[in-house]
Amino acid sequence: MPAEICVTLPDGTTKSLPSGSTGADLAASIGKRLARDAVVVEVDGEQRDLTRDLPEDAAVRIITAASDEGREVLRHSTAHVLAQAVLSLWPGARFAIGPAIDDGFYYDFELPDGQTFSEDDLERIEDKMREIVGADQPFVRAECSVDEGLEVFAEQPYKREIIERVESSEVAGDGSVSLYRNTEGFVDLCRGPHVPSTGRLGHFKLMKVAGAYWRGDEKGPMLQRIYGTAWESAKALEEHLERLRQAEARDHRKLGVELDLFSFPDEVGSGLAVFHPKGGLVRRLMEDYSRTRHEQAGYEFVYSPHITKSALFEQSGHLEWFADGMYPPMELDGGTDYYLKPMNCPFHILIYRNRLRSYRDLPLRMFEFGTVYRYEKSGVVHGLTRARGFAQDDAHIFCTHEQAEGEITRALDFVLGLLRDYGLTDFELELSTRPPEKAVGTEEEWDTATEILRRAAVAKGLDPVLDEGGGAFYGPKVSVQVRDAIGRSWQMSTIQLDFQLPQRFGLEYVGADNERHRPVMIHRALFGSVERFFAVLLEHYAGAFPAWLAPVQVRVLPVRADHHVYADRLVDRLLAEGYRADTVVADEPLGARIRRAKMEKLPYVLVVGDDDVAAGTVGVNPRGGEVERGVHVDDFVDRLAADVLAHV
RNA sequence: GCCCGGGUAGCUCAGGGGCGAGAGCAGCUGUCUUGUAAACAGCAGGUCGUGGGUUCGAAUCCCACCUCGGGCUCCA
């Protein structure tokens, strides 16, 4: 054994250390601060515990807590402490898995005698966890054989099940499993790595309890899951909690009530919204703009009914593949089943098929705000983002094979431009491929279609992320993920290529060669669902809609009753010029009326008093800006016009 | 659909077997005439989600259903 080992650091320099040195020794030899912040060490690309010996001649990198990788380790280790706490508070509890996730971690348990956690238990568990952290117990790694592992976890069926899958390399892959023990006799099956000891943890909070199926299988046992979050410092934890509070404040369901935009009356049914006048106005503005842009882009507008005979959805394949997601049929006309439509495509196909089409008709682009109904499982309904009835901004492009790629590129261009106009500018593309379990058509057709989509995406200069098996049953799709103002990602638009439905419906066109050919169909939606898009915009803007979408753009507040006439004239002028303005009479102090307007998040409040009446001016109090006195009315109108035009 | 937790006035929430069920905000009516984020007073407002049950007595305990929230799963 050599007396020294030599390792290479990320900057390319090498360092000699006594043989038997650990990652912790390395960190300490580099600096005191690094030694304190280090959580694990990466050795030749593999993360390891700081306490393990370093091999000779390895490329090493110290990972600190304040990095994505470091936080992941931290969270994973905190999950272990959670398990230790629960097992000590509920003797006989079984524990399953406890990984790190975005912003935190969870651990799944099965409590004895079918007990369940309540929110109050979280505090007790947290206290116990702090105790364990305070004791600074080391995480000690041990390796053992599968049989020994099964022995150690004799009372833990979930752990045994995991070990039994070792062959499929879930834990180690070489017939051995690794364990982590700490004092108090707690031992967990774990691949690691972990922080050196529990004392390194502490900036965590348990967030909620939930049910979760073992291995995500609906037929498997329901376990009790505890979610928590963990960070490298008290400050980072507090910032995260603040972000959550911010997200909560801009929740569209909350803003929908506060700003009187929409509601979900119990009398109507779960997942079925009604839009109130203000929400209806915003929605109409959104839709009108979309219509105008579609018209300019060569789409033609069609309409189709909400219900149809079952045969149509039999032919489309929806009843075969999508029946679970459909409302049950109504039996009418002595035995005919009618269904509420879950999709618009079959109707557009019938419009296409209504007469013989020539290649000269193609591409044919049909657009409809089509209201569809989907019977979502009761547990998944969620405000406007997951409703049971919603309008799709749905279009179907019928074209030749040769035109398909160009049409997709064009559609993608259109989508991104339109989303930008609504104020969403941060995109990511995702390419969803063939779902192995439920797909119609041959693999070859799918490959061709997928490749066309990929090329179109790349042509836009956006490298799509692959979503293996995420396509619909009839075709692959490119979807646009949008990042909103606080960094959350929403799946928005989809563009789907479909060779199947034209075939099922026997669609044809007569080519230049006077022969009959089969067209290709492209399904595309930009908002996906108007309701959902409404919700995303509402959250993106935190309720403060830009002037072009704001239900009320300007509120005029007379200082005293004798300014009413001037205020009314001002409102009349704004209305006449096509703006949305109103006024509130002076039977309440000005401050109170301004406060109301601010809580309604209006773009502009205009205050008019003696000076303004005399000079033909207004006091401008813009949202998020400084008050300006004595602005000439014409100048204000110009400013408003510029805002509306610029969509700000 | 499954697990956990909720549903009390328009909104936000107290009250948890026994006085006619409460507060703040919003609403209405007066008074106040106001220059940039809450004037004052009074009034009105609830079959305590729905239906059953236990009890001398239920907003309160039990059951079922509806519905909302957080998850699982699924998806636009």
Side-chain angles (χ1 to χ4, degrees), chain A residues 106 108 110 114-122 207-227 248 251 253-254 257-258 260 263-271 322 324-325 342-343 372 374-388 390-394 432 470 472 477 479 490-494 496 523 525-533 535-536 557-564 585-600 605-612 618-622 626-630:
Chain A
Y106 67 80
D108 286 345
E110 184 179 66
Q115 289 178 73
T116 55
F117 293 118
S118 74
E119 300 279 333
D120 302 334
D121 291 328
L122 294 185
M207 305 300 288
K208 54 203 170 198
V209 295
Y213 297 105
W214 169 235
R215 306 199 85 92
D217 179 0
E218 228 172 299
K219 292 172 211 71
M222 174 65 73
L223 304 177
Q224 292 279 306
R225 177 171 296 179
I226 294 179
Y227 283 93
E248 200 184 324
D251 189 306
R253 295 164 301 186
K254 193 177 152 94
V257 174
E258 285 172 7
D260 193 17
S263 60
F264 291 90
D266 280 0
E267 294 84 341
V268 178
S270 178
F322 198 71
D324 283 353
M343 288 184 184
V372 297
R374 298 188 183 173
Y375 190 74
E376 299 292 352
K377 288 192 259 181
S378 64
V380 307
V381 170
H382 181 92
L384 290 176
T385 58
R386 196 72 188 277
R388 281 180 167 170
F390 56 95
Q392 292 183 306
D393 60 330
D394 207 1
S432 301
K477 69 178 178 196
S479 52
W490 302 84
Q491 188 189 309
M492 216 74 270
S493 320
T494 60
Q496 242 164 322
H523 307 246
L526 279 48
F527 300 160
S529 135
V530 176
E531 285 79 354
R532 180 179 147 90
F533 191 68
V536 171
L557 300 179
V559 173
R560 279 193 322 272
D562 44 326
H563 307 124
H564 284 173
V585 296
D587 58 4
E588 237 185 336
L590 182 63
R593 286 176 287 151
I594 288 174
R595 180 164 187 271
R596 279 173 207 270
K598 292 294 175 187
M599 292 200 305
E600 287 177 55
V605 176
L606 300 184
V607 174
V608 294
D610 290 336
D611 303 347
D612 301 295
V618 293
V620 179
N621 185 336
E626 294 292 305
V627 171
E628 223 180 310
R629 290 278 298 270

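Sequence lines set the chain letters: A, B, ... in the order given, protein chains first and strands last, and positions in each chain run from 1. All values below were derived from every heavy atom in this structure, side-chain atoms included, with hydrogens, water molecules and symmetry-related copies excluded. None of the values given here were measured: they were computed from a predicted structure.
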Phosphate OP1/OP2 of B:A76: any A:His382 side-chain N/O under 4.0 Å:
no
Counting the atoms with a prime plus P, OP1 and OP2 as sugar-phosphate, which does A:Arg253 contact under 4.0 Å by heavy atoms, base, sugar-phosphate, or nothing?
sugar-phosphate
Could you tell me whether the side chains of A:Arg215 and A:Tyr213 share a donor-acceptor contact shorter than 3.5 Å?
no
Between A:Gln496 and A:Lys377, which has a closest nucleotide on RNA chain B that is more 5'?
A:Lys377
Base, sugar-phosphate, or nothing: which does A:Ser270 touch, judged by heavy atoms less than 4.0 Å apart?
sugar-phosphate
Between B:G20 and B:G57 - C1' atom distance, rounded Å
16 Å
Using the P atoms only, state how far B:G15 lies from B:A9, rounded to an integer number of Å.
15 Å
For B:G5 versus B:C19, give the span between their C1' atoms, rounded off to a whole number of Å.
32 Å
Under 4.0 Å between a side-chain N or O of A:Arg388 and OP1 or OP2 of B:U67?
no
Determine the contact category for A:Ala387: base if any of its heavy atoms lies under 4.0 Å from a base atom, sugar-phosphate if only primed atoms, P, OP1 or OP2 are that close, otherwise nothing.
base
By the 4.0 Å heavy-atom rule, please label A:Gly591 as base, sugar-phosphate, or nothing.
sugar-phosphate
Which nucleotide in B:A76, B:G71, B:A37 has an atom nearest any side-chain atom of A:Lys208:
B:G71
Give a yes or no on whether a donor-acceptor pair under 3.5 Å exists between the nucleobase atoms of B:A76, that is its base, and the side chain of A:Glu376.
yes
Is A:Val381 touching bases, backbone alone, or none of the nucleic acid, heavy atoms closer than 4.0 Å?
sugar-phosphate
Describe the nucleic acid contact of A:Asp217 in one word from base, sugar-phosphate, nothing, applying a heavy-atom distance below 4.0 Å.
nothing
Applying a 4.0 Å non-hydrogen cut-off, can you work out what A:Asp611 is touching in the nucleic acid: base, sugar-phosphate, or nothing?
base
Under 4.0 Å between a side-chain N or O of A:Arg595 and OP1 or OP2 of B:A26?
no
Phosphate oxygens OP1/OP2 of B:C11: is one of them under 4.0 Å from a side-chain N or O of A:Lys254?
no
If you look at every strand shown and take non-hydrogen atoms under 4.0 Å, does A:Ala561 touch a base, only sugar-phosphate, or nothing?
base
Do A:Arg532 and A:Phe527 have side chains that get closer than 4.5 Å, going by heavy atoms?
no
How would you label the contact of A:Asp266 with the nucleic acid (heavy atoms, under 4.0 Å): base, sugar-phosphate, or nothing?
sugar-phosphate
Within the structure shown, what part of the strands sits under 4.0 Å from A:Glu588 by heavy-atom distance: base, sugar-phosphate, or nothing?
base
Quick one: label A:Asp612 by what it contacts on the DNA or RNA (base, sugar-phosphate, nothing), any heavy atom closer than 4.0 Å.
base
Describe the nucleic acid contact of A:Tyr227 in one word from base, sugar-phosphate, nothing, applying a heavy-atom distance below 4.0 Å.
sugar-phosphate
Sorted by position of nearest nucleotide on RNA chain B, 5' first, the leading residue of A:Arg386 and A:Arg593 is A:Arg593
At 4.0 Å (heavy atoms only), tell me whether A:Gly630 reaches a base, stays on the sugar-phosphate, or touches nothing.
nothing
